[in-house]
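Worksheet: one structure, shown below.
Keep in mind it's a predicted model, so treat the numbers as computed, not measured.
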Amino acid sequence: MQKLLQSHKKYLIFTLVIIALGVLAGIIYYNILGSSIKENIIMTVNNLKTFEYNAIIKDLVIMSILLVSSFFIVGIPLSLFYLFYEGLSIGFLINIFYVVYKIKGILYILVYILLNKLITLILIIFFIKKIINISRLIIGLVIYKNNQTVKNKLISNFRNSLYIILFTLIINIILYFISPSIANYFNFLIK
């Protein structure tokens with residue numbers, strides 16, 4: 001595992017910076033919203049009994065679009081924007097729960113994010129690496145024409161991308177069933 005991390009160190013740092021910028025943007029975005037919008041958000045959060053998270057369709061559709069768009073090279077900027085968006089949504093949630101519930105709200109939402117987003121975010125980071133590889137290999141195919149090595153690498157990256165999508169789907173289905181009960185266990189933090 002350490003060898004894998006070491007070989008992709010620059011890529012991982014790059015993706016973590018994008019996510020961190022997204023988190024920061026989410027915090028800033030909440031703070032620049034109008035006061036009436038903030039009041040509506042606070043009222044909505046206060047009235048929710050449980051916080052259920054269902055990303056099955058969202059992740060499936062977005063990852064499929066990113067995979068297809070990688071064959072047209074636009075998958076790279078789209079996937080990096082999606083990573084930024086995921087960070088933005090995390091920052092937005094953290095800020096909302098801090099405003100509504102203070103420190104207990106941050107603890108609750110961190111547990112919630114770790115439970116519902118961490119594994120899929122890690123999978124998306126690996127998925128985006130495959131997207132980048134596919135786009136680079138498509139460029140290689142255009143330059144080198146019928147190079148069998150490039151074709152084999154392209155097929156391998158495409159197959160691995162499909163495996164990651166399938167694994168993300170399975171994780172999201174499992175989380176759909178177990179997440180509410182675990183989140184309810186931590187509801188004492190936001191009461």
Can I get a per-line list of side-chain donor-acceptor pairs under 3.5 Å for residues 21-41, giving both atom names and the distance, sequence neighbours left out?
| from | atom 1 | to | atom 2 | distance (Å) |
| --- | --- | --- | --- | --- |
| Asn31 | OD1 | Asn95 | ND2 | 3.4 |
| Asn31 | ND2 | Ile27 | O | 3.1 |
| Lys38 | NZ | Asn31 | O | 3.1 |

Check: residues 55-82 side-chain donor-acceptor pairs under 3.5 Å, at least two apart:
| from | atom 1 | to | atom 2 | distance (Å) |
| --- | --- | --- | --- | --- |
| Lys58 | NZ | Tyr82 | OH | 3.2 |
| Lys58 | NZ | Glu86 | OE2 | 2.7 |
| Asp59 | OD1 | Tyr82 | OH | 3.0 |
| Asp59 | OD2 | Asn172 | ND2 | 2.9 |
| Ser64 | OG | Leu60 | O | 2.7 |
| Ser69 | OG | Ile65 | O | 3.0 |
| Ser69 | OG | Leu66 | O | 3.0 |
| Ser70 | OG | Leu67 | O | 2.5 |
| Ser79 | OG | Gly75 | O | 2.8 |
| Ser79 | OG | Ile76 | O | 2.9 |
| Tyr82 | OH | Glu86 | OE2 | 2.9 |

**Qualifying salt bridge (Lys or Arg N to Asp or Glu O under 4.0 Å) pairs, either residue in residues 168-182, two or more places apart** =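 Every candidate salt bridge (Lys or Arg N to Asp or Glu O under 4.0 Å) pair involving residues 168-182 fails, so no pair, neighbours aside, qualifies.
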Transitive ILVMFWY side-chain link [X] to [Y], under 4.5 Å:
X      : Y      : result
Leu166 : Ile125 : yes
Val142 : Ile139 : no
Ile170 : Ile124 : yes
Ile42  : Val45  : yes
Leu118 : Ile94  : yes

Supply the atom-to-atom distance [X] [atom1] to [Y] [atom2], rounded to the nearest 0.5 angstrom.
X      : Y      : atom1 : atom2 : answer
Leu88  : Leu83  : CG    : CG    : 12.0 Å
Lys153 : Asn133 : NZ    : CG    : 9.0 Å
Lys130 : Leu137 : NZ    : CG    : 10.0 Å
Thr120 : Leu175 : OG1   : CG    : 7.0 Å
Tyr108 : Tyr101 : OH    : OH    : 8.5 Å
Ile134 : Ile128 : CD1   : CD1   : 12.0 Å

**Request:** Return the set of residues passing side chain to side chain donor-acceptor pair (under 3.5 Å) with Asn152 (not counting sequence neighbours), or none when no residue passes.
**Result:**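 For Asn152 the side chain to side chain donor-acceptor pair (under 3.5 Å) partners, ignoring immediate neighbours, are Gln148.
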**Asked** Residues two or more places apart in sequence or in another chain: which of them pass side chain to side chain donor-acceptor pair (under 3.5 Å) with Ser156?
**Response**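 Side chain to side chain donor-acceptor pair (under 3.5 Å) list for Ser156, sorted by chain: empty.
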Do [X] and [Y] have side-chain heavy atoms sitting under 4.5 Å apart?
X      : Y      : answer
Leu110 : Ile106 : yes
Ile132 : Tyr11  : yes
Ile182 : Tyr112 : no

**Asked** Does Tyr176 offer a backbone N or O that forms a donor-acceptor pair with the side chain of Ser179 under 3.5 Å?
**Response**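 Pair absent, no side-chain N/O of Ser179 close to backbone of Tyr176.
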**Residues forming a side chain to side chain contact (heavy atoms under 4.5 Å, CB included) with Leu123, sequence neighbours excluded** =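 Only Ile119, Ile164, Phe167, Thr168, Ile171 meet the side chain to side chain contact (heavy atoms under 4.5 Å, CB included) criterion with Leu123.
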